[in-house]
Amino acid sequence: MKKMRFLCTLMLAGMVFTACSDDNDAPIAVNEEEVITTLNVTLSPVGGGTNITLQTQDLDGDGPNPPVVTVSGNLMAGAVYNGSLSVLNETVSPAENITEEVEEESNEHQFFYTIGGGLDVTTTYENFDGNGNPLGTEFSLTAGAASSGTVTFTLRHEPKKPNDGTLADAGGETDITATFNIAVE
Amino acid sequence: MRLYVLLALLLSSISSISQDCNYTLSGSVKDLHDGSLLAGATLILAGTEQAVLSDLDGNYMFTGLCEGTYAIQVSHPYCLSKGFTIKVNGDTKSNFLLEHHLEELNEVILEGEAYRNQTKTLFESKISNAQLEDFSNGTLGDALNSISGVSSLNTGNTVVKPMINGLHSSRIVIVNNGVRMEDQEWGAEHGPNVDVNSAGSLTLIKGAGALRYGGDAVGGVIVAEAPKVAKKDTLFGKTLWSASSNGRGSSVSSQLTKSYKSGWYGSLQGTIKRYGDFETPDYVLSNTGAFERNASLRFGLNGLEYGIEGYYSLFKNDIGILRASHLGGAQDQVRAISSNRPLIIRDFTYNIGNPRQEVTHHLARLKIFQRIDGLGKLSLQYDFQRNSRQEFDIRRGDDADKASLDLELDTHTLMLDLDGDLFDTGSIKLGAMARYQSNFADPTTGVRRLIPDYDKYDLGVYAIADYRVKEKLVLEAGVRFDYSYMDVFKFYRTSLWEARNYDQLFPEIVVEELGNQILTNPQLDFYNTSATAGATYSFNEQYNLFFNYSLASRPPNPSELFSEGLHHSASRIELGDLRFGSEISNKLALTFQRKNTTFGFSVNPYINTIRDFMVIEPTDVQQTVRGNFQVWEYRQTKAQLLGVDVDASWAFAKNFRFNHQFSMVKGYDRNRNEALINMPPVTTQNGVVYQNKNLRNLKLAIQSEYMFRQNEFPDNNFEVFVPETQTLETVDVSTPPEAYHLLKFSSSIDLYKVDKSKLTIGVTVSNLLDTSYRNYLNRLRYYADDLGRNFLLNLKFNY
């Protein structure tokens, strides 16, 4: 019986020591590191003129608000544009430039440009990864005859490289996909 | 002890000087542990030369005794003989308790009764130690899957979550060695953290009958018990080794036990399992390997009147998640689902890359008990659990090797239980429980917390009584009250906070606004009542009828309350609801059983009506810059589950036995009048076993498993825009896969047997015909087939 009493005491003592480490501090907010909120496309006409900018911005990330899509203007028939893409995380301040990471890991990334709905434009890759395969944060765009339709920019992570330029062949995972309604006039 | 008996014998022979000598001494001999009556016990009354045997009901009687003190020695074939001193004063009644587990070593199996029943009126399914050994290389879920009515919700083949009569996760309470597991069971991709090799037996209770462990087991209770240790001087152990062709891996498990006649014992057990990528009939399932390491230590004193036990176990598992299941959004889902093969297939490797899980579970327990005369067995238990869970995703740049989810869940529990044996025809059990739990989510992951930081306090009390009305009828009733308090710190996105109208409903819980986030401090209380009532009627030795009603109430778990955001491994946005209350289940279960070694069966129909059932299902498609994601929201509804489980076993010829199982469950959402998502399809298993004890215990078995197609399912399909084709494509996430049929062959033979040591070898081939199939309850069914043929070689060495 004495043994039991000793064991009981031991156990209760153990409880007291282990169960009372409650600190009621509020946790710190998490800096979301991998969120992509914004894709900016800048189209500069070769030989000068007004830049056309396309933007999709979703400041609440995976939250319920949809992205806000803006297109600054229409393309000019027959014009050639230098295009550049920038990817941002604007939930942190200052905004994180994800384009740099994409360019550093160029072998694992590629942008794809999908033209749809009768839009008469063509695109060409202007920058490449370490193996000479397209990366596509820089590109050129040639506007054809007057028309309207969509252009979709898709960033794929770990696509098959080289590929035939289509999303279907490239595979991989989608990091960004944004579709813009645009016209050539 | 022996000395006392001798002394008593001497003394009694002196003191029994004749006076009035026509008294009787009568009573019964019982098992100390479960109160079962012991027939054929020998009782010797010192000094009178009288010896009697207890009858079939354990009763005995001595006649012609004088007033005075007698020494009695009671012995029984399976018990340690014990001396008692009894004062006879008139016709005296006295019951003797014997320790009835002496011979329960290693190979001696006292069929079905080796472990105490958890309930009296709910039919319990047991998996014995010998059967468990067949699953040495698998998971707890695999072993449970062999019971009718149990299916599993899988993520690949290494995360196997048991599902009882269509219910899973927080609705199933797993009790490991007397400790209720607190291991973040809420996630569908979280398997239970129990080493199947550390259990001596598994008991499954389909329903909330085991109130001792909680009142929230809407689905059922799984009790894993450690092997019993005998009270004698011995040292024994066993080693199981297995190698399998699929996964090209191996598992080793060893166990060593030392025990003493004084009741002291110690036991050490360890398991290592290592597998590389598993394979379907046609391709490698890239990144599906697993590396599991477990150890447990148990020691204690197993006395008749008192005892103590300490237990510690460590469970550590690294699990690869199919690489092709990691997707970037709904458009990727369209591609993955429409492709027959996974989009990523690489060469076989043992390496486990991202996505993967790393889980560590520590469990420590200290229990003491004291038997108090006239009251029963009083036990006090303290346990501590620490569950660490890390999930690694495919990430970019500097974060590539950082976990996306890093949770640490600590739980302390104190339990006081009284197993009362107050009267002969029944027993009463009382208990109280206090628990403190804290969850910490590491903020350095750079990903918003899926489960917030919280502290949780639980208090519970229960009482269960059973009463033998007459020889054939036993009644049981129990009630339990639980109080839970949760103190949570949760960051909400401002946009969700407002979209959900929480800014109107809960303005008082806002602590601070930070940019596009709001820190809140929800403090939630839940009061839950659960109860059970039932009856068991034995028509005769063979036929039994069990009837049970159970009321269970389960408070919402942190994931149902607080989920908010993208769940990468599921490629979907999951949303919980702060407004939820407890879900309440009313289950009626009936079991008709025939216990017979030639032809036995059980039929178990049930109906479970659940109010405020929490279910997660697709509601919407949400656009983000990363593409469109499906939104899955938890909601509460009225659910009803109806089903029947059938088991039968027939020894149709000498050494041959036919086994049959059939399970069917239908789940309905009664508010929407549609089927519930993820209900197990109808399944039947049939097998023939040949076993010859005279031929080195040769065992050959062939088993067929037929899984029907699930024809009742809700339509959760959605549409996404595909830019290449400028079309809206339907993403079919609802349609269940086709029915399939699998064959399994198994065999084993004893290579040698000397004294207590025995070597057994076995060969098993699962998916014998190398069938390609997909299982409705496998979350990765959209992306890949299930496992192909597997050759398994196993060796078992007892010593």
Side-chain angles (χ1 to χ4, degrees), chain A residues 1 3-4 7-8 10-11 14-15 18-19 21-22 24 26-39 56-67 87 91 93 98 101-102 104-105 114 116-117 149-150 152 154 156-158 166-168 171-179, chain B residues 306 308 326-329 331-332 335 343-344 366 368 370 380 382 384 394-397 399 412 414 436 438 440-441 443-449 452-453 455 487 489 491 493-496 499 511-512 514-517 519 521 565-566 573 622-629 721 723-726:
Chain A
M1 206 55 210
K3 199 186 280 174
M4 291 303 291
L7 290 170
C8 282
L10 196 76
M11 228 158 108
M15 282 290 288
T18 49
S21 56
D22 180 25
N24 230 2
I28 60 164
V30 171
N31 277 329
E32 279 196 280
E33 285 164 12
E34 268 181 307
V35 174
I36 296 170
T37 58
T38 312
L39 172 72
T56 175
Q57 190 184 38
D58 188 0
L59 292 176
D60 76 337
D62 309 328
N65 297 340
V87 183
T91 61
S93 175
I98 297 166
E101 275 181 29
V102 171
E104 275 165 29
E105 296 175 358
T114 313
T150 61
T152 301
T154 306
R156 283 280 168 89
H157 185 216
E158 295 187 358
T166 65
L167 288 163
E173 280 159 39
T174 306
D175 276 347
I176 300 170
T177 175
T179 300
Chain B
Y306 60 90
I308 178 165
H326 189 272
L327 303 171
Q331 288 164 7
D332 291 4
R335 283 190 295 136
L343 295 174
I344 298 172
L366 192 65
I368 50 180
Q370 169 78 50
L380 181 69
Y382 163 72
F384 168 69
I394 312 283
R395 301 182 72 175
R396 259 196 333 265
D399 295 330
H412 302 264
L414 192 65
Y436 165 70
S438 89
F440 172 70
T444 63
T445 54
V447 175
R448 287 167 52 83
R449 297 170 176 89
D453 286 8
D455 287 316
D487 184 10
F489 281 101
F491 288 94
R493 271 192 193 88
T494 312
S495 56
L496 182 95
V511 177
E512 195 179 4
L514 306 127
N516 64 351
Q517 295 193 81
L519 175 62
N521 180 208
L566 188 62
I573 291 165
Q622 190 169 305
Q623 294 168 25
T624 75
V625 174
R626 286 195 271 186
N628 298 330
F629 287 90
F721 175 74
E724 291 109 304
T725 52
Q726 296 282 307

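It should be emphasised that the depicted structure is a prediction, and the values quoted were computed from it without experimental measurement. Letters A, B, ... are given to chains in the order of the sequence lines, protein chains preceding strands, and every chain is numbered from 1.
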Interchain contact, [X] with chain B, by part (heavy-atom threshold 4.5 Å):
X: A:Leu59; answer: backbone
X: A:Glu105; answer: side chain
X: A:Thr37; answer: backbone
X: A:Thr38; answer: backbone

Segment of [X] engaging chain A (4.5 angstrom heavy-atom cut-off):
X: B:Arg448; result: both
X: B:Ser438; result: neither
X: B:Leu343; result: neither
X: B:Phe440; result: neither
X: B:Arg395; result: both

- Task: Name the member of B:Ser495, B:Gly565, B:Gly627 that forms the most heavy-atom pairs with chain A at distances under 4.5 Å.
- Result: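 Answer, by heavy-atom pair count under 4.5 Å with chain A: B:Ser495.
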
- Task: Between chain A and each of B:Gln331, B:Gln517, B:Arg335, count heavy-atom pairs under 4.5 Å; write down the option with the most.
- Result: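 Going by pairs under 4.5 Å, I would pick B:Arg335.
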
- Task: Report yes if the side chains of B:Phe629 and A:Asp62 come closer than 4.5 Å at any heavy-atom pair, otherwise no.
- Result: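 Of all side-chain heavy-atom pairs linking A:Asp62 with B:Phe629, none is under 4.5 Å.
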
- Query: Taking side chain as C-beta onward, heavy atoms only, is A:Thr114 less than 4.5 Å from B:Gln726?
  - Reply: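 Contact flag for A:Thr114/B:Gln726 side chains = no.
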
- Distance in Å, B:Gln623 CD paired with A:Asn65 CG, rounded so as to fall on 0.5 Å steps: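 Here the interatomic distance stands at 11.5 Å.
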
- Interatomic spacing from OG1 in A:Thr177 to CG in B:Asn628 - rounded to 0.5 Å: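 Taking OG1 in A:Thr177 and CG in B:Asn628, the distance rounds to 8.0 Å.
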
- Identify the heavy atoms of B:Phe491 and A:Ile28 that sit nearest to each other, and give their distance.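 Residues B:Phe491 and A:Ile28, closest heavy atoms: CE1-O, 3.5 Å.
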
- Task: For residues B:Phe489 and A:Pro27, report the shortest heavy-atom separation together with the two atoms involved.
- Result: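 For B:Phe489 versus A:Pro27, the nearest heavy atoms are CB-CD, 3.2 Å.
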
- Report the option among A:Ala168, A:Ala178, A:Gly172 that has the most heavy-atom pairs separated by less than 4.5 Å from atoms of chain B.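 Going by pairs under 4.5 Å, I would pick A:Gly172.
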
- Query: Which of the residues A:Asp175, A:Thr56, A:Thr179, A:Leu39 is involved in the greatest number of heavy-atom pairs with chain B at under 4.5 angstrom?
  - Reply: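 Most heavy-atom pairs within the cutoff with chain B belong to A:Asp175.
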
- Item | Residues forming a salt bridge (charged side-chain N to carboxylate O under 4.0 Å, His left out) with A:Asp60, sequence neighbours excluded |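 Partners of A:Asp60 by the salt bridge (charged side-chain N to carboxylate O under 4.0 Å, His left out) criterion come out as none, since no residue qualifies.
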
- Query: For A:Pro66, does its backbone N or O pair with a side-chain atom of B:Gln622 as donor and acceptor, under 3.5 Å?
  - Reply: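 Absent.
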
- Task: Could you tell me whether the side chains of A:Thr174 and B:Asp332 share a donor-acceptor contact shorter than 3.5 Å?
- Result: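 Judged by distance alone, the side chains do pair up.
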
